[in-house]
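We use all heavy atoms of the structure for the numbers below, so side chains are in, but hydrogens, waters and symmetry mates are not. Residue numbers begin at 1 in each chain, while the letters A, B, ... track the order of the sequences.
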2 protein chains.
Amino acid sequence: MPNRQLAIPQQECADCPIRHRAVCARCETDELEHLESIKYYRKFEAGQTVVWAGDKMDFVASVIEGVASLTQTMEDGRRQMVGLLLPSDFLGRPNRDTAPYDVVASTDVMLCCFRRAPFQKLIAENANISQRLLEMTLDELDAAREWMLLLGRKTAREKIASLLSIIARRDASLKDLPSKGEVSFDLPLTREAMADYLGLTLETVSRQMSALKRDDVIRLEGKRHITIPDFDLLMDETGDDADGGMLV
Amino acid sequence: MPNRQLAIPQQECADCPIRHRAVCARCETDELEHLESIKYYRKFEAGQTVVWAGDKMDFVASVIEGVASLTQTMEDGRRQMVGLLLPSDFLGRPNRDTAPYDVVASTDVMLCCFRRAPFQKLIAENANISQRLLEMTLDELDAAREWMLLLGRKTAREKIASLLSIIARRDASLKDLPSKGEVSFDLPLTREAMADYLGLTLETVSRQMSALKRDDVIRLEGKRHITIPDFDLLMDETGDDADGGMLV
DNA sequence: CGATGAATTGAACCAACTCAAACATAGTGG
DNA sequence: CCACTATGTTTGAGTTGGTTCAATTCATCG
């Protein structure tokens, strides 16, 4: 099931919606020009696999829009999501040519891909990119550690609340809205994908979603659109302390 | 409970046992000289806290010997280990002056500390250090993702086997021994710390250790010294596939 | 040798899982 | 327009792996 490569009109970096958050955030105009020359867009539809674990991967990329997940699968089929890539997040590892995880588009996704070899060269030479990549990787490590607390110690209800708050916050920040009071957004994940994120079964996810709805912590319009009447109320359900493990 | 600063004789970088694995691995002699000028050793005894979450942290460090853990604690006392630092691992984040996690010495630990401000400056200027730090951070992110699979999807028995195999492998690589056939090592963690690592209770850890012993997967001499008669047998218990998610 | 902290073991319990069935929604095509 | 899938979601009932609480054993050390 190879992903055919479509010719997609490329945006210029200057107009890019994630210009100031992505790996290129600190680049100057001349550096952007260099990036323009090694970049190409790829589009994936919801459900499509971007790369399979073990596949050769000759690019790295920024997520421009949409949501993609990194997932590990055990022989007997148990699956655990280990990364959730939202717009501006970085995909791939320079210096590695084989994907260690399945990468799947959760929604329609647009990637800004950079050919790996020249990108690697760029990193070696260009501090603005490599420094930014280090910063983003450290942020991801922090997020992974929060996630570990969630997986290891939180209850099902707390896990759901935590996931919703994470998505709500990222979504709000993308739209430059505050994440307090009433907040609403589209869930980019199926119940099954939520279960894979949280280390639960999809039945448990569904039950806890119903419970949160019953308790007026969330409202559902359709299966995917979620309204949080009071963000603080949701935060109370996450198990995190008030200052919220908010890392600076 | 401040950690008094002892005057500790410093080794020269050239003689350092982790010289070629730590953040300084790629440095040249003149760069090492620079590092020498901003480094100092600190020693911690098993059980001592290196820094508390929320504390100001004016250094970053390499673990020279011993084992330290990063732990998150929830308000009600639930604890999850989110990092295990073995010799050559890096502690702290440049550009962050407040520790996000408790750092505790699991065994006696020797740290090679670098004053944060000058280290930060060094990173900004010196590619050999910042590139190495990026590489180490990416490795840590991979490890965190393996850990997430463990926390989210593995059974108690698989969790224990996985932890033992991780420690056995790191220990072997440190001593330049192969990790196959019969392997033996000292557990640097109490049952409680193992539980915090694995997202289990200490009772479950103890029960599963007994079960693995009963099934001849491990042998115990005292509570801490462990012999694995056949490393492959242990690997079979981890739930990982044969090629072992071994990332290149 | 008692005492202290760490580890083991037992028994009852429960949160999340498994298996099974019903329901919802959006397409598809006759 | 409705029947007919296909896919995703909810709900129910019974089971279970890991927890909780409570003793007991082990090891070390002053």
Side-chain angles (χ1 to χ4, degrees), chain A residues 45-48 69 74 76-80 104-107 150-164 186-215 218-226 237 239, chain B residues 45-48 74 76-80 104 106-107 150-164 186-215 218-226 237 239:
Chain A
E45 280 166 33
Q48 262 193 304
S69 63
M74 296 170 70
D76 60 5
R78 280 175 283 174
R79 283 157 33 97
Q80 176 64 50
V104 178
S106 292
T107 64
L150 177 152
L151 289 171
R153 295 304 189 191
K154 289 189 176 180
T155 64
R157 185 181 174 98
E158 288 169 340
K159 285 179 173 183
I160 301 278
S162 300
L163 173 57
L164 295 178
D186 280 315
L187 249 190
L189 303 174
T190 63
R191 298 290 183 264
E192 189 179 18
M194 292 174 70
D196 286 344
Y197 185 113
L198 300 170
L200 296 171
T201 58
L202 68 91
E203 292 95 330
T204 300
V205 170
S206 183
R207 273 184 249 276
Q208 295 297 336
M209 289 289 285
S210 300
L212 288 175
K213 189 169 93 181
R214 188 177 337 111
D215 299 344
I218 63 176
R219 262 180 280 141
L220 294 173
E221 284 114 42
K223 305 298 175 189
R224 289 301 192 86
H225 193 80
I226 297 205
E237 299 286 350
Chain B
E45 281 166 32
Q48 262 193 305
M74 295 170 71
D76 61 5
R78 280 175 282 173
R79 284 156 35 95
Q80 176 64 51
V104 178
S106 291
T107 63
L150 177 152
L151 288 171
R153 296 303 188 190
K154 289 189 176 180
T155 65
R157 186 182 174 97
E158 288 169 339
K159 286 179 173 183
I160 301 278
S162 300
L163 173 56
L164 295 178
D186 280 314
L187 249 190
L189 303 174
T190 64
R191 296 291 184 264
E192 189 179 16
M194 292 174 71
D196 286 344
Y197 186 112
L198 300 171
L200 296 171
T201 58
L202 67 90
E203 292 94 330
T204 299
V205 170
S206 185
R207 273 184 250 278
Q208 295 297 337
M209 289 288 285
S210 299
L212 288 175
K213 188 168 96 181
R214 186 175 338 108
D215 300 343
I218 62 175
R219 261 179 279 142
L220 294 173
E221 285 112 39
K223 305 296 175 190
R224 289 300 192 88
H225 192 79
I226 297 204
E237 298 288 349

Checklist outcome for this item: From CE of A/Met209 across to P of D/dT10 the rounded distance in Å is 7 Å

Checklist entry - In whole angstrom, what separates A/Glu192's CD from D/dT7's P? => result 12 Å

Checklist entry - To the nearest 0.5 Å, what is the distance between CG (A/Leu202) and OG1 (A/Thr190)? => result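 Here the rounded value is 8.0 Å.
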
Next on the checklist: Working to the nearest 0.5 angstrom, can you tell me the gap between B/Ser162 OG and B/Tyr197 OH?
Outcome noted: 8.5 Å

Next on the checklist: Could you go through B/His225 and B/Arg219, starting from their C-alpha distance and side-chain angles, then the distance that decides it, and tell me whether this counts as side chain to side chain contact (heavy atoms under 4.5 Å, CB included)?
Outcome noted: CA-CA 8 Å; B/His225 192 79; B/Arg219 261 179 279 142; over 6 Å; no

Next on the checklist: What contact category does B/Ser206 fall into here, base, sugar-phosphate, or nothing, at under 4.0 angstrom with non-hydrogen atoms?
Outcome noted: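 Base contact.
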
Item to check | Salt-bridge present (B/Asp186, B/Lys223; N to O < 4.0 Å) | outcome: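 No.
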
Checklist entry - Any Lys/Arg nitrogen of A/Lys154 or A/Glu237 sitting under 4.0 Å from an Asp/Glu carboxylate oxygen of the other? => result no

Checklist entry - Would A/Arg157 and A/Asp215 satisfy salt bridge (charged side-chain N to carboxylate O under 4.0 Å, His left out), going step by step from the backbone distance to the final call? => result CA-CA 12 Å; A/Arg157 185 181 174 98; A/Asp215 299 344; 2.9 Å; yes

Checklist entry - Can you name the nearest heavy-atom pair linking A/Lys159 to A/Leu198, along with the distance? => result NZ-O, 2.9 Å

Next on the checklist: Generate the contact string for nucleotides 16-27 of chain D. Rules: B means base contact, S means sugar-phosphate contact only, - means no protein heavy atom under 4.0 Å.
Outcome noted: --SBBB-----S

Next on the checklist: Go through it in stages, so that I can follow the logic: the residues are B/Arg79 and B/Asp196, the test is salt bridge (charged side-chain N to carboxylate O under 4.0 Å, His left out), and I'd like the CA-CA distance, side-chain angles, deciding distance and then a yes or no.
Outcome noted: CA-CA 6 Å; B/Arg79 284 156 35 95; B/Asp196 286 344; 2.6 Å; yes

Item to check | Terminal contacting nucleotides, 5' and 3', DNA chain C versus chain B (heavy atom, 4.0 Å) | outcome: C/dA7 to C/dA11

Checklist entry - Can you check whether A/Ser210 has a side-chain N or O nearer than 4.0 Å to OP1 or OP2 of D/dT11? => result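 Indeed, a polar side-chain atom of A/Ser210 lies that close.
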
